[in-house]
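Here is the structure we will look at, set down as structure tokens.
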Amino acid sequence: MACRISELVLECREPEVLARFWCEVLDFVVLDREGDDMFEIGPREGFGGPQPTIILSRRDEPEKAKPRLHIDVNATDRDQDAELDRLLKLGARPADVGQTGEEGWHVLADPEGNEFCLLKARLAPL
């Protein structure tokens, strides 16, 4: 038996703001919360499905280094350009990490500056 990822934890200054952003991006809902300090978001079906949940946990101190982990997302119901437009309207912004412009993905940042990538659609809807 192997393990599988059940939750991803992202420390942030504004958990509620990022919960709203990532719920819109991923079509997730808030599954649990502890006051204003922790929000757990995940698929509408709830815990234990094929997708991990995301825990957004308040951390007021700034990060000292760039995180070594980031999220990649794939549009499942539209092409990459249409999804890029949608994400930018939700509050994502382009991020420059030294890409050439020839990549098949877009590097973006969420409202707190956490980088993530929008890949070309490779996944079918769940």
Side-chain angles (χ1 to χ4, degrees):
M1 167 113 354
C3 292
R4 74 178 173 97
I5 296 172
S6 59
E7 294 123 7
L8 300 172
V9 179
L10 180 60
E11 295 176 337
C12 55
R13 292 180 302 278
E14 299 278 347
E16 187 169 8
V17 169
L18 286 190
R20 276 195 310 268
F21 175 81
W22 285 107
C23 280
E24 287 293 324
V25 169
L26 301 170
D27 192 29
F28 276 13
V29 296
V30 174
L31 299 172
D32 191 18
R33 73 181 282 179
E34 292 177 9
D36 294 331
D37 291 331
M38 188 282 295
F39 287 76
E40 186 166 8
I41 64 172
R44 295 175 182 282
E45 302 79 46
F47 302 99
Q51 296 186 76
T53 63
I54 299 175
I55 296 173
L56 300 149
S57 179
R58 182 175 306 281
R59 178 185 173 134
D60 293 322
E61 309 91 52
E63 286 295 320
K64 294 180 177 37
K66 181 178 173 177
R68 294 174 57 174
L69 180 69
H70 69 265
I71 295 172
D72 287 346
V73 297
N74 282 275
T76 58
D77 63 350
R78 63 194 64 147
D79 68 23
Q80 186 185 39
D81 291 336
E83 184 65 359
L84 176 62
D85 288 342
R86 186 180 82 88
L87 296 177
L88 293 172
K89 287 176 184 168
L90 290 174
R93 60 188 186 279
D96 184 357
V97 296
Q99 60 270 42
T100 65
E102 300 298 317
E103 295 82 5
W105 62 88
H106 295 279
V107 182
L108 302 168
D110 71 14
E112 284 200 9
N114 300 299
E115 294 165 0
F116 68 101
C117 295
L118 171 61
L119 306 178
K120 286 189 178 179
R122 300 185 309 178
L123 302 175
L126 291 174

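Remember, it's a predicted structure, so these values are computed and weren't measured experimentally.
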Looking at every heavy atom in both [X] and [Y], which two are closest together, and how far apart are they?
{"X": "Pro43", "Y": "Pro52", "value": "CD-O, 4.5 Å"}
{"X": "Trp105", "Y": "Cys117", "value": "CD1-SG, 4.0 Å"}
{"X": "Gly113", "Y": "Arg93", "value": "CA-NH2, 3.5 Å"}
{"X": "Glu83", "Y": "Val25", "value": "OE2-O, 4.3 Å"}
{"X": "Phe39", "Y": "Ala19", "value": "CB-CB, 3.9 Å"}
{"X": "Leu90", "Y": "Phe21", "value": "O-CD1, 3.6 Å"}

Inset, instruction - Determine whether the aromatic ring centres of Phe116 and Trp22 lie less than 6.0 Å apart. - result: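 Between Phe116 and Trp22, the centre distance is under 6.0 Å.
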Single-linkage hydrophobic cluster, 4.5 Å side-chain cutoff, [X] and [Y] together:
{"X": "Val9", "Y": "Ile41", "value": "no"}
{"X": "Ile55", "Y": "Val17", "value": "no"}
{"X": "Val73", "Y": "Val107", "value": "no"}

Inset, instruction - Determine, for Asp36 against Arg33, whether the closest basic-nitrogen to carboxylate-oxygen distance falls under 4.0 angstrom. - result: yes
Can you tell me how far the [atom1] atom of [X] sits from the [atom2] atom of [Y], to the nearest 0.5 Å?
{"X": "Arg86", "Y": "Asp77", "atom1": "CZ", "atom2": "CG", "result": "7.5 Å"}
{"X": "Leu118", "Y": "Asn74", "atom1": "CG", "atom2": "CG", "result": "7.5 Å"}
{"X": "Glu103", "Y": "Lys120", "atom1": "CD", "atom2": "NZ", "result": "11.0 Å"}
{"X": "Asp37", "Y": "Arg59", "atom1": "CG", "atom2": "CZ", "result": "14.0 Å"}
{"X": "Glu11", "Y": "Leu18", "atom1": "CD", "atom2": "CG", "result": "12.5 Å"}
{"X": "Leu56", "Y": "Leu8", "atom1": "CG", "atom2": "CG", "result": "10.0 Å"}

Counting C-beta onward and ignoring hydrogens, is there a side-chain heavy-atom pair between [X] and [Y] closer than 4.5 Å?
{"X": "Ile54", "Y": "Leu26", "result": "yes"}
{"X": "Leu10", "Y": "Ile71", "result": "no"}
{"X": "Leu88", "Y": "Leu108", "result": "yes"}
{"X": "Glu16", "Y": "Arg20", "result": "yes"}

Are the side chain of [X] and the backbone N or O of [Y] linked by a donor-acceptor pair below 3.5 Å?
{"X": "Glu112", "Y": "Glu14", "value": "yes"}
{"X": "Arg58", "Y": "Arg13", "value": "yes"}
{"X": "Gln80", "Y": "Gly104", "value": "yes"}

